[in-house]
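Heads up, the thing below is written out as structure tokens.
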Amino acid sequence: MKTYLIEIKLNKELKEVEVTAQETLLEILRNKLGAIDVKDGCGKGDCGACAVLLDGKAVNSCLTLALQANGKEVTTLRGIGNEKNPHPIQNSFVKHGAVQCGFCTAGMVVIAKAFLNQNQNPSRQEIREAISGNLCRCTGYEKIIDAIQNMALESKS
Amino acid sequence: MAKFNIIGRDTLRIDGHKIVTGKAPFLNDIRLRGMLVGKILRSPHPHAEIVSIDLSKAKSLPGVKAVIGLDREKTRYIGNHVAAVAAGDEQTAEKALKLIEVEYKPLPYVVSAEKSMEEGAPRVYDKRPNVEKIRDEKRGDVELGFKEADVVLERTYKTAIEIHHPAETHGSIAKWEGDRLIVWDSTQAIHTVRDGLARILGIPAGCVTVIKRYMGAGFGSKLGLNVHTVSAAMLAKQTGRPVKITLTRKENSLCVGNRPASLQTYKSGVKKDGTLTALSLINYTTGGVKRGDRCSEPLLDVYRCPNLHVKEYTVFTNMGGSRPTRAPGHVQGTFGLEGFLDELANEIGMDPLELRKMNYTTKNRGDTGVPYSSKGLDKCYELGAEKIGWHRRNKTPGAGQGSTRRGLGMSSQIFWGDGVPGTLADVKLYPDGSVDVICGTQDIGCGTRTHMAVVAADTLGLQPKDITIKLGNSDYPWAPISGGSLTTPSVAPAVRDASLKAADHLKEMAAKKLKVSGKDISLQDKKLADKNNPENAISFKELTRDLRRETVFHGERKGMPDGFAYNTFGAHFVEVEVDTETGQIKVLKVVAAHDSGQIINTKTAESQVIGGVTQGVSTALFEQRIVDDTTGTLVNPNWRDYKIATSMDTPEIIPIFVDVDDPHINILGTKGLGEPPRIPIAAAIGNAVYNAIGVHIRETPMTPDKVLQALKQKEVI
């Protein structure tokens, strides 16, 4: 199968990777670039667990072809913050009990980050709309909404 | 209660940052050297004889390392496993599946419960009828009870088949090290998986280790040993390499369980003052090729009624089998029973909450059995009603005006959640002052790691972050499955027991050093001190140095005295808005009051309640497995067509934990909480809809078409 060499800036690090035309961004992130913090929930764009930032814009990586990411910047959960130096939105998720099993969390945090970049003063309803493409099966959404709203309030004050 | 310093308060998840920064390894994130990808071939027929299986073409495909038949003579549902392959990569494994040649002889099949019950319907099992009685229980004389009643009412309620759909699908990795098998599994039951694997593979249980690290929940679908886990072990043995099998969302929909449907017909007699004189239930439940759920447990137990008769039947069909689903039977039975009680209350013009209070019990089996070890349902009623503003309800259902109508409803909840005696946990103290808590339980996502740390820290005068938690390994001391709301009331008391022993040992050591009696030593804030002279103290860390070696204290969750019934209770109060033009139900607010005894960690307990309510809202309004009756094909085997609630659908949810002391159940007085919040919510929503529009929607999911149809029928009447 024909392969293409593409260049991705993954969490600020430049990566070169051979991909086929069929491969999705999700597949190459997890299987070729070790970005296992990106989760595969459904593979069909239904659940949002695999969301990443592509040049700052949130996309479902399972619906994005690897080739489409050529020359672009990809930010995953670990790129937003790590254990030693977590991003305030990650702290807010822990503080507000917005994490239960944690599987959908990767996508939720990425979406929240993209959304708060656009809207620093969101209403609860706007947050609901922002995360409506991300399915959660155990925590429910209310604490996730609390986490995002409080993060916005705190960064304002 | 001032008994505790950390237990019962807000503690953040000790693994929270690991999860939110993507450092928590889920099954599919585990990568082993040389690991192969396994896939399972599944039957496309709802019922067929397997005449022959030819694996040769698949075996000869380059990149394929092993192909095995899974020894089936017959397939009874679409998705039934037939064969398995292991290959170097996923694409090759998928290609290999297509090269396996199976000759099927299709047989007559039946996929709907209605048709399965008909005379002459195709049999699902050769030697069993399609309909089997699974419960027949009586007390008193129902006919007499109906005669004594002022009002006799009969109503039928129906619940749809739901699919668990945990965020992370099922998956296992198997690896052999000589005669030893190591399995990483996304499971709610490491010990069950270990014992099952040992039995099937014919090796000693001690030669199998099952490890569960982080997992994306299970809701009951990950309670047992799975075919894909056994297949991975067999393929790994044959190839000498680790094998991973993860299921797709479609496989998750087809063959790893569902919540059985129910068709419940209630008949009851009630006096004008609200006294229940007779209750009867006939239920038909459908769990595909497996048994359905008994739904009568709440009916048999929670309200006073001397005369009762329950008959339940399971109906087999050629569909994927059921598995326990977050409060199996209780969810369906509560939707029927609690909806029916509201209709009864309306018949006699009584406040539905008053009807429940009127028939309140302090003993189980409808006040005919033994006392409950504790029962805070009355407090749930009181606090829940106050918080929702119960007085605001329409005194007559459907009394409001306009095209959008508001209503209030409630429902009671009873469940098990007592915990398993014999659960073991160890506390290990090291001379450097560090502490391990070790237990062969599993954290399926609810925060068990944190609960264990909270209990140990509270008992040892430390902070939860000071404790190293070791769980999710079947080589650790035994703990039960994480199902039936058992984990916390099993594990927490065992950890408490071990921690108390460790604390006593440390106090004795400190007493010698400080030259006082052990009784006079306090252990808090990382310090052991003379209670009468706090200056006379030694730090935890300094004292443990004298241990010289690691020291283990064994804890056990002790038995419960006979003569009591051990249950959890709760009541949900709900406010809804119904659009009578579109049939849309909007849940506005839920107050969820629970008696789960002593709460270990309020932070995670709240998440548990909010999550349970959210799932309940989802199933009340949206969720149903849809099957094409003619072909047996699952129409919605994905997350797009199988609708679950999104952030646009969930209401404000207010959890309340009532203060209840239970001296009998265990040394912490703690009861389970995993399933309780999932139980009463659909009934409470149904009752709120009834209160809003004056017609009862007797079927879940309560979709707009059903609301409109019910409203239309009301107009006709």
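Not measured: the values here are computed from a predicted model. Every heavy atom of this structure was used, including side-chain atoms; hydrogens, water molecules and symmetry mates were not. The sequence lines fix the lettering, A, B, ..., with proteins before strands; numbering per chain opens at 1.
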| task | Name, in order of residue number, those residues of residues 75-93 of chain A that have a heavy atom at a distance of less than 4.5 Å from a heavy atom in chain B; otherwise write 'none'. | result | A/Leu77, A/Arg78, A/Gly81, A/Asn82, A/Glu83, A/Pro86, A/Gln90, A/Asn91, A/Phe93
| Among all residues two or more places apart in sequence or in another chain, which pass the side chain to side chain donor-acceptor pair (under 3.5 Å) test with B/Asp89? | B/Thr92
| Identified side-chain contact (heavy atoms from CB on, under 4.5 Å) partner of B/Ser647 from the options A/Leu135, A/Asn134, A/Ile127, A/Ile131 | A/Ile131
| task | Taking only Lys NZ, Arg NE, NH1 and NH2, and the carboxylate oxygens of Asp or Glu, determine whether B/Glu623 and A/Arg137 approach each other closer than 4.0 Å. | result | yes
| remark: When the 4.5 angstrom heavy-atom criterion is applied to A/Arg124 and chain B, the contacting part is neither
| said: Taking side chain as everything from C-beta outward and backbone as N, CA, C, O, which of these in A/Thr105 sits under 4.5 Å from a heavy atom of chain B? Side chain, backbone, both or neither. | reply: side chain
| query | Cut-off 3.5 Å, side chains only: do A/Arg128 and B/Thr650 have a donor facing an acceptor? | reply | yes
| said: A/Cys138 vs B/Phe219, test: side-chain contact (heavy atoms from CB on, under 4.5 Å). Steps then yes/no. | reply: CA-CA 9 Å; A/Cys138 44; B/Phe219 312 116; 3.7 Å; yes
| remark: Taken in chain and number order and not counting sequence neighbours, the residues that satisfy side chain to side chain donor-acceptor pair (under 3.5 Å) with A/Lys95 are A/Glu154
| request: Run the salt-bridge test on B/Arg249 and A/Asp46 with the 4.0 Å N-O cut-off and return the result as yes or no. | output: no
| Taking B/Cys446, B/Pro25, B/Gly447, B/Ala167 one by one, which has the highest count of heavy-atom pairs under 4.5 Å against chain A? | B/Ala167
| said: Between B/Lys23 and A/Asp37 (salt bridge meaning N to carboxylate O under 4.0 Å), is one present in this structure? | reply: no
| said: By the salt bridge (Lys or Arg N to Asp or Glu O under 4.0 Å) test, which pairs, at least two apart or in different chains, include something from residues 600-611 of chain B? | reply: A/Lys143-B/Glu606
